[in-house]
Amino acid sequence: QLQLVESGGGSVQPGGSLRLSCAVSGTTLEYYAIGWFRQVPGKAREGVACIGTDGTPYYGDSVKDRFTLSRDNAMNTVYLDMDGLKPEDTAVYYCAAEWGIINTQGLCITRAWGKWGQGTQVTVSS
(Lines give C-alpha, C1' and ligand atoms only; values in the text may rest on other atoms or scores of the structure.)
Protein backbone atom coordinates (compact mmCIF):
# COMPACT_ATOMS: atom_id res chain seq x y z
CA GLN A 1 0.00 0.00 0.00
CA LEU A 2 1.61 3.21 -1.19
CA GLN A 3 2.10 5.93 1.39
CA LEU A 4 3.40 9.44 0.87
CA VAL A 5 4.98 11.54 3.59
CA GLU A 6 5.92 15.15 3.01
CA SER A 7 8.56 16.94 5.07
CA GLY A 8 10.68 20.06 4.99
CA GLY A 9 8.06 22.72 5.36
CA GLY A 10 8.51 25.68 7.67
CA SER A 11 8.72 29.43 7.90
CA VAL A 12 11.15 31.47 5.86
CA GLN A 13 11.68 35.09 4.93
CA PRO A 14 11.05 36.33 1.40
CA GLY A 15 13.93 35.40 -0.87
CA GLY A 16 14.76 32.37 1.23
CA SER A 17 14.89 28.70 0.31
CA LEU A 18 13.36 25.43 1.45
CA ARG A 19 13.64 21.83 0.33
CA LEU A 20 10.52 19.72 0.50
CA SER A 21 10.76 15.94 0.42
CA CYS A 22 8.13 13.40 -0.54
CA ALA A 23 9.06 9.98 0.80
CA VAL A 24 7.34 7.01 -0.79
CA SER A 25 6.84 3.79 1.15
CA GLY A 26 5.02 0.53 0.57
CA THR A 27 6.05 0.33 -3.06
CA THR A 28 8.78 1.30 -5.51
CA LEU A 29 8.96 4.92 -6.60
CA GLU A 30 10.40 3.91 -9.97
CA TYR A 31 6.96 3.14 -11.44
CA TYR A 32 5.17 6.24 -10.16
CA ALA A 33 4.86 9.81 -11.28
CA ILE A 34 4.96 12.35 -8.47
CA GLY A 35 3.36 15.77 -8.34
CA TRP A 36 3.57 18.65 -5.92
CA PHE A 37 0.48 20.76 -5.37
CA ARG A 38 -0.36 23.59 -3.01
CA GLN A 39 -3.47 25.03 -1.49
CA VAL A 40 -4.41 28.10 0.48
CA PRO A 41 -7.71 28.42 2.36
CA GLY A 42 -10.58 29.32 0.10
CA LYS A 43 -8.74 28.51 -3.12
CA ALA A 44 -8.49 25.46 -5.32
CA ARG A 45 -5.47 23.21 -5.08
CA GLU A 46 -2.99 24.09 -7.83
CA GLY A 47 -0.22 22.18 -9.51
CA VAL A 48 3.29 23.34 -8.63
CA ALA A 49 5.55 20.80 -10.31
CA CYS A 50 5.22 17.25 -11.58
CA ILE A 51 7.62 14.57 -12.75
CA GLY A 52 6.94 11.33 -14.55
CA THR A 53 8.86 8.09 -14.61
CA ASP A 54 10.93 9.52 -17.46
CA GLY A 55 12.37 12.10 -15.05
CA THR A 56 11.22 15.16 -17.01
CA PRO A 57 9.87 17.85 -14.65
CA TYR A 58 7.13 20.34 -15.51
CA TYR A 59 6.45 23.50 -13.54
CA GLY A 60 3.59 25.85 -12.96
CA ASP A 61 4.10 29.30 -14.46
CA SER A 62 4.31 30.95 -11.05
CA VAL A 63 7.27 28.84 -9.91
CA LYS A 64 9.28 28.40 -13.09
CA ASP A 65 12.95 29.40 -12.70
CA ARG A 66 12.59 29.36 -8.89
CA PHE A 67 11.66 25.77 -8.04
CA THR A 68 13.48 22.59 -9.03
CA LEU A 69 11.92 19.13 -8.92
CA SER A 70 14.00 15.97 -8.84
CA ARG A 71 13.56 12.31 -8.06
CA ASP A 72 15.87 9.78 -6.44
CA ASN A 73 14.43 6.36 -7.16
CA ALA A 74 17.10 4.65 -5.06
CA MET A 75 15.99 6.67 -2.03
CA ASN A 76 12.29 6.41 -2.92
CA THR A 77 12.10 10.17 -2.50
CA VAL A 78 11.19 13.17 -4.63
CA TYR A 79 12.58 16.60 -3.78
CA LEU A 80 11.22 20.07 -4.43
CA ASP A 81 13.89 22.73 -4.04
CA MET A 82 12.28 26.13 -3.63
CA ASP A 83 14.43 29.24 -4.05
CA GLY A 84 13.49 32.89 -4.18
CA LEU A 85 10.43 32.27 -2.08
CA LYS A 86 7.70 34.89 -2.11
CA PRO A 87 4.82 35.55 0.30
CA GLU A 88 2.44 34.26 -2.35
CA ASP A 89 4.13 30.86 -2.12
CA THR A 90 2.63 30.47 1.34
CA ALA A 91 0.40 27.39 1.31
CA VAL A 92 0.06 23.79 2.38
CA TYR A 93 2.10 21.73 -0.03
CA TYR A 94 0.97 18.21 -0.92
CA CYS A 95 2.68 15.49 -2.89
CA ALA A 96 0.66 13.08 -4.97
CA ALA A 97 1.43 9.88 -6.85
CA GLU A 98 0.02 8.08 -9.83
CA TRP A 99 1.20 4.75 -11.21
CA GLY A 100 2.53 4.45 -14.71
CA ILE A 101 2.59 8.04 -15.96
CA ILE A 102 5.73 8.29 -18.06
CA ASN A 103 5.54 12.00 -18.88
CA THR A 104 3.44 14.50 -16.92
CA GLN A 105 3.16 17.28 -19.50
CA GLY A 106 -0.39 18.59 -19.25
CA LEU A 107 -1.12 16.32 -16.29
CA CYS A 108 -0.04 18.52 -13.40
CA ILE A 109 -3.68 19.00 -12.44
CA THR A 110 -5.33 17.61 -9.33
CA ARG A 111 -7.86 15.34 -11.01
CA ALA A 112 -5.09 13.27 -12.62
CA TRP A 113 -3.70 12.08 -9.28
CA GLY A 114 -5.14 9.42 -6.99
CA LYS A 115 -2.78 9.10 -4.02
CA TRP A 116 -2.09 12.04 -1.72
CA GLY A 117 0.05 12.83 1.29
CA GLN A 118 -1.06 14.80 4.33
CA GLY A 119 0.69 18.02 3.39
CA THR A 120 3.33 20.29 4.88
CA GLN A 121 2.93 23.99 5.63
CA VAL A 122 5.18 26.55 3.97
CA THR A 123 5.00 30.12 5.24
CA VAL A 124 6.91 32.97 3.62
CA SER A 125 6.79 36.12 5.67
CA SER A 126 9.01 38.90 6.89
Side-chain angles (χ1 to χ4, degrees):
Q1 184 79 8
L2 178 145
Q3 288 190 322
L4 305 170
V5 178
E6 302 97 334
S7 62
S11 296
V12 65
Q13 292 187 340
S17 299
L18 284 174
R19 167 176 264 202
L20 302 185
S21 299
C22 176
V24 176
S25 63
T27 189
T28 303
L29 173 62
E30 180 181 3
Y31 303 112
Y32 284 82
I34 298 291
W36 280 98
F37 298 80
R38 65 187 182 187
Q39 189 169 25
V40 296
K43 291 191 175 181
R45 195 169 293 187
E46 67 167 340
V48 175
C50 296
I51 189 166
T53 59
D54 70 352
T56 303
Y58 292 93
Y59 300 95
D61 288 340
S62 62
V63 306
K64 280 179 184 176
D65 301 323
R66 297 189 298 123
F67 290 10
T68 303
L69 182 61
S70 61
R71 60 189 295 151
D72 185 338
N73 289 342
M75 296 295 293
N76 256 23
T77 302
V78 172
Y79 303 101
L80 182 67
D81 289 295
M82 306 187 296
D83 299 315
L85 283 162
K86 304 175 181 180
E88 51 264 43
D89 294 317
T90 296
V92 177
Y93 283 70
Y94 300 89
C95 70
E98 192 63 33
W99 186 88
I101 298 178
I102 298 172
N103 185 283
T104 58
Q105 187 174 19
L107 293 175
C108 207
I109 52 177
T110 57
R111 65 175 180 268
W113 303 78
K115 305 290 187 183
W116 293 84
Q118 294 300 305
T120 185
Q121 176 71 45
V122 171
T123 302
V124 185
S125 173
S126 56

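Everything numeric here is computed off the predicted structure, so don't read it as measured data.
Of the inter-residue distances, the one linking Ser25 atom OG with Gln1 atom CD reads 9.5 Å to the nearest 0.5 angstrom. Here CG of Leu4 is found 5.5 Å from CD1 of Ile34. Values are rounded to the nearest 0.5 Å.
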(Q) Under the criterion side chain to side chain contact (heavy atoms under 4.5 Å, CB included), I'd like the reasoning laid out for Leu85 against Phe67: C-alpha separation, chi angles, the key distance, then a yes or no. (A) CA-CA 9 Å; Leu85 283 162; Phe67 290 10; 3.9 Å; yes
(Q) What verdict does the side chain to side chain contact (heavy atoms under 4.5 Å, CB included) test give for Tyr59 and Thr68, after you've listed the backbone C-alpha separation in whole Å, the side-chain angles of each residue and the deciding distance to 0.1 Å? (A) CA-CA 8 Å; Tyr59 300 95; Thr68 303; 4.0 Å; yes
Q: Report the C-alpha distance between Glu46 and Arg38 in whole Å, list the side-chain angles of each, state the deciding distance to 0.1 Å, and finish with yes or no for side chain to side chain contact (heavy atoms under 4.5 Å, CB included).
A: CA-CA 6 Å; Glu46 67 167 340; Arg38 65 187 182 187; 2.6 Å; yes
(Q) Run the side chain to side chain contact (heavy atoms under 4.5 Å, CB included) test on Thr27 and Tyr32 for me, step by step, so that the C-alpha distance in whole Å, both residues' side-chain angles and the decisive distance to 0.1 Å come before the verdict. (A) CA-CA 9 Å; Thr27 189; Tyr32 284 82; 3.6 Å; yes
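A salt bridge does not link Asp89 to Lys86: none of the charged side-chain nitrogens sits closer than 4.0 Å to a carboxylate oxygen.
For residues 92-126, the set of pairs meeting the disulfide bond (SG atoms under 2.5 Å apart) definition, not counting sequence neighbours, comprises Cys22-Cys95, Cys50-Cys108.
Under 3.5 Å, the side chains of Tyr58 and Asn103 contain a donor-acceptor pair of N or O atoms.
Under a 3.5 Å cut-off, the side chain of Glu98 and the backbone N or O of Ala33 do not form any donor-acceptor pair. In this structure a side-chain-to-backbone donor-acceptor pair under 3.5 Å is missing from Arg111 to Leu107.
Follow the hydrophobic side-chain contacts under 4.5 Å out from Tyr93 and you never reach Phe37; the two are in separate clusters. With hydrophobic clusters built from ILVMFWY side chains whose heavy atoms lie under 4.5 angstrom apart, Ile51 shares a cluster with Trp99. Val5 and Val24 are not part of a single hydrophobic cluster, where members link through side-chain heavy atoms under 4.5 Å apart.
Counting only heavy atoms from C-beta outward, the side chains of Ser70 and Pro57 never approach each other to under 4.5 Å.
In this structure, Arg45 is positioned above the aromatic face of Tyr94, its NZ or CZ under 6.0 Å from the six-membered ring centre and within 45° of the axis.
Shortest non-hydrogen contact noted between Thr104 and Thr56 is OG1-O, 4.2 Å.
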Can you give the donor-acceptor pairs under 3.5 Å from side chains of residues 115-126 to other protein atoms, not counting sequence neighbours?
| from | atom 1 | to | atom 2 | distance (Å) |
| --- | --- | --- | --- | --- |
| Trp116 | NE1 | Trp113 | O | 3.2 |
| Thr120 | OG1 | Gly9 | N | 3.3 |
| Gln121 | NE2 | Ala91 | O | 3.4 |
| Gln121 | NE2 | Thr123 | OG1 | 3.4 |

Show every donor-acceptor pair shorter than 3.5 Å between a side-chain atom in residues 77-84 and any protein atom, with sequence neighbours excluded, or say none if there are none.
| from | atom 1 | to | atom 2 | distance (Å) |
| --- | --- | --- | --- | --- |
| Thr77 | OG1 | Met75 | O | 2.9 |
| Asp81 | OD1 | Arg19 | NE | 2.8 |
| Asp81 | OD2 | Arg19 | NH2 | 3.2 |
| Asp83 | OD1 | Ser17 | OG | 2.8 |

